[in-house]
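Data block below; observations after.
Proteins come first, then strands; the chains are lettered A, B, ... in the order of their sequence lines, and each starts at number 1.
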2 protein chains.
Amino acid sequence: MERELLLLGLLRREDMHGYQLHEFIERNMTSCTDLKKPTAYHLLEKMTERGWLQPSPAQAGNRPARRVYRITPAGEAAFQALLRENVATHYPAYFTGNIGLAYLDALPAPEALARLRERHTSLAAELARLTAVPPHAGSLQWLIDHQRHHLRAELDWLETLIQHLTAVE
Amino acid sequence: MERELLLLGLLRREDMHGYQLHEFIERNMTSCTDLKKPTAYHLLEKMTERGWLQPSPAQAGNRPARRVYRITPAGEAAFQALLRENVATHYPAYFTGNIGLAYLDALPAPEALARLRERHTSLAAELARLTAVPPHAGSLQWLIDHQRHHLRAELDWLETLIQHLTAVE
DNA sequence: TTCTGAATAGTCCAGATTGACTATTCAGGA
DNA sequence: TCCTGAATAGTCAATCTGGACTATTCAGAA
């Protein structure tokens with residue numbers, strides 16, 4: 001559902017073909033979703049069947065023909081509805097990485113600490129990488145700001161956890 | 001992969017059947033994953049085929065026989081490996097709800113604000129609900145602490161966003 | 001005692017997802 | 001010019017996922 005909103009929103013700004021869409025999402029929207037290429041193509045086909053998109057073959061140079069999608073009025077209507085829903089709702093995020101925390105007591109304390117420090121390192125690196133990104137234009141910047149805020153909070157929490165575990169030895 | 005860690009970890013503490021496992025996960029681990037019942041059964045079957053679990057039919061009262069799973073030594077080995085990996089790694093969380101934020105400029109500013117306030121309300125309610133939960137025993141408490149910390153950060157961020165948008169009118 | 005709705009236990013199958021693959025184009029080096 | 005590896009564009013088959021379903025048990029109301 002939200003992946004459809006994502007694709008519609010991009011097509012609203014500009015006609016694009018599948019590869020292009022996937023490329024953009026992978027480069028700029030990794031904090032929202034992890035959309036694989038075949039899934040993107042599948043979604044585009046589905047939305048075309050529904051009449052939300054109008055594909056047209058396009059030739060560029062002598063590359064093989066690509067299917068370029070344009071959003072239809074029905075697609076725009078769907079976008080509007082999905083957007084309103086999305087903005088008004090709080091969607092939970094799932095923390096796969098916390099499953100291990102639930103079983104932390106199965107690990108010898110020193111090893112647990114060592115591994116958590118490893119996690120801390122990659123998390124800090126990720127945050128540093130993100131902080132180095134030059135400011136983007138438009139609403140996309142909110143995504144980066146949010147991600148930064150979120151990673152900062154994760155790092156804080158991880159540090160508290162490590163401190164706690166260190167205290168107990 | 002992480003869902004397997006989750007199931008193995010529970011079966012390590014106690015033999016259980018599918019319904020029981022799913023029930024527990026739904027009640028206590030919603031912050032880590034959203035594991036549907038049929039998926040849980042599917043995973044249990046797969047792990048059994050791999051030799052990680054040993055199912056045995058169990059009769060309780062005159063209920064229909066249930067398949068009760070016990071973790072095998074191979075399963076314990078898999079658990080250890082998965083746990084170490086999980087603890088040492090930072091897994092990104094995906095914020096489906098931010099897709100809409102990327103397209104916020106497609107909404108009239110007053111409406112965007114109204115909808116974000118709606119989101120704020122449900123987020124605050126969720127946090128309040130969580131804060132009311134009495135402390136749990138053992139490592140599971142980390143999950144609750146983390147979730148609380150995370151929701152607090154989300155709420156802070158949402159408030160900043162709303163303020164920003166209000167300032168621009 | 002009988003009935004009803006909730007809880008328990010699990011399954012089916014339609015549809016979503018993705019790892020791995022094909023095939024073409026293109027830039028640059030030898 | 002020819003070759004190689006990266007980028008472009010998309011597809012296939014196998015697996016994973018979950019909405020909707022069946023069926024039994026149980027507690028309490030009538």
Side-chain angles (χ1 to χ4, degrees), chain A residues 1-8 10-11 14-30 32-50 52-53 55-70 82 91-92 94 96 99, chain B residues 1-8 10-11 14-30 32-50 52-53 55-70 82 91-92 94 96 99:
Chain A
M1 202 85 278
E2 302 81 20
R3 285 137 115 93
E4 295 178 352
L5 172 62
L6 181 52
L7 291 168
L8 287 173
L10 293 178
L11 288 173
E14 190 184 351
D15 296 355
M16 283 197 250
H17 56 90
Y19 188 83
Q20 224 173 134
L21 285 159
H22 172 255
E23 199 66 2
F24 185 89
I25 291 170
E26 195 156 77
R27 284 198 203 296
N28 302 288
M29 326 274 287
T30 28
C32 299
T33 190
D34 180 24
L35 182 64
K36 297 300 193 310
K37 203 141 43 92
T39 311
Y41 282 98
H42 173 69
L43 253 28
L44 289 169
E45 206 172 318
K46 243 187 23 176
M47 291 196 287
T48 302
E49 276 163 26
R50 264 185 228 149
W52 292 4
L53 300 179
S56 65
Q59 207 73 38
N62 48 355
R63 304 190 125 282
R66 296 165 303 187
R67 221 187 314 285
V68 169
Y69 292 92
R70 161 165 304 177
L82 289 172
Y91 296 89
Y94 296 104
T96 320
I99 293 175
Chain B
M1 200 86 278
E2 302 81 20
R3 285 137 114 92
E4 294 178 352
L5 172 62
L6 181 53
L7 291 168
L8 287 172
L10 293 178
L11 288 174
E14 191 184 350
D15 297 355
M16 284 197 251
H17 56 90
Y19 189 84
Q20 225 173 134
L21 284 160
H22 173 255
E23 199 65 2
F24 185 89
I25 291 170
E26 194 155 78
R27 284 199 204 296
N28 301 288
M29 326 273 287
T30 27
C32 299
T33 191
D34 180 23
L35 182 64
K36 296 300 192 308
K37 203 143 41 94
T39 310
Y41 282 97
H42 173 70
L43 253 30
L44 289 169
E45 208 170 318
K46 243 188 21 175
M47 292 197 287
T48 302
E49 275 163 28
R50 264 185 228 149
W52 292 5
L53 301 180
S56 64
Q59 207 72 40
N62 49 355
R63 306 191 123 280
R66 295 166 302 186
R67 220 186 314 284
V68 169
Y69 292 92
R70 162 166 304 177
L82 289 173
Y91 296 89
Y94 296 104
T96 319
I99 294 176

I'd like a table of atom pairs between the protein and nucleotides 15-17 of chain C - only N or O on both sides, under 3.5 Å - with the distance next to each one.
residue	atom	partner	partner atom	Å
dA16(C)	OP1	Lys46(A)	NZ	3.2
dA16(C)	OP2	His42(A)	NE2	3.1

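When all heavy atoms are compared, the tightest approach of Thr30(B) to Tyr94(A) is O-CE2, 3.1 Å. Counting all heavy atoms, side chain and backbone alike, Leu44(B) lies closest to Gly18(B) at CD1-CA, 3.7 Å. When all heavy atoms of Tyr41(B) and Tyr19(B) are compared, the closest pair comes out as OH-N, 3.1 Å.
Position along DNA chain D of the nearest nucleotide to Tyr19(A) versus Lys37(B) favours Tyr19(A) as the more 5'-ward residue.
For Arg66(A) and dA7(D), the CZ to C1' distance is 13 Å, given to the nearest whole Å. Rounded to a whole Å, the CD atom of Glu4(B) is 11 Å from the C1' atom of dC16(D). Atom CE in Met1(B) sits roughly 10 Å away from atom P in dC16(D) (whole-Å rounding). Rounded to an integer number of Å, the gap from CG of Leu44(A) to P of dT18(C) is 15 Å. A straight line from CG of Leu21(B) to C1' of dT8(C) spans 14 Å, rounded to a whole angstrom. What separates NE2 of His17(A) from P of dA9(D) is a distance of 4 Å, to the nearest Å. For the pair Asp34(B) CG and dC16(D) C1', the interatomic distance rounds to 14 Å; values are reported in whole Å.
The phosphate of dG10(D) (OP1 or OP2) has a side-chain N or O of Tyr41(A) nearer than 4.0 angstrom.
Using five terminal pairs a side, the axes of the helix from dT1(C)-dA30(D) to dA30(C)-dT1(D) at its two ends make an angle of 10°, given in steps of 10 degrees.
Proximity of residues 22-30 of chain B to DNA chain D (heavy atom under 4.0 angstrom from any strand atom) is not detected for any residue.
For Glu4(B), the salt bridge (charged side-chain N to carboxylate O under 4.0 Å, His left out) partners two or more places apart in sequence, or in a different chain, are Lys46(B), Arg50(B). For Glu23(A), the side chain to side chain donor-acceptor pair (under 3.5 Å) test picks out Arg27(A), with sequence neighbours left out. Scanning for side chain to side chain donor-acceptor pair (under 3.5 Å) contacts around Asp34(B) gives Lys36(B), with sequence neighbours left out.
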Pair Gln20(B)-His17(B), side-chain hydrogen bond (donor to acceptor under 3.5 Å, both in side chains): steps then yes or no:
CA-CA 5 Å; Gln20(B) 225 173 134; His17(B) 56 90; 2.8 Å; yes
Could you give me the CA-CA distance, side-chain angles and deciding distance for Met16(B) and Tyr69(B), then say whether side chain to side chain contact (heavy atoms under 4.5 Å, CB included) is met?
CA-CA 5 Å; Met16(B) 284 197 251; Tyr69(B) 292 92; over 6 Å; no
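Distances were taken from every side-chain heavy atom of Arg67(B) (C-beta onward) to each of dA9(D), dA9(C), dT11(C); the shortest belongs to dT11(C).
Atoms OG1 and CD1, from Thr33(A) and Ile25(A) in turn, are 8.0 Å apart once rounded to the nearest 0.5 Å. Within the model, atoms CG of Leu8(A) and CH2 of Trp52(A) stand 6.5 Å from one another, a figure rounded to the nearest 0.5 Å. Remark: Leu7(B) CG to Leu35(B) CG distance equals 6.0 Å, nearest 0.5 Å.
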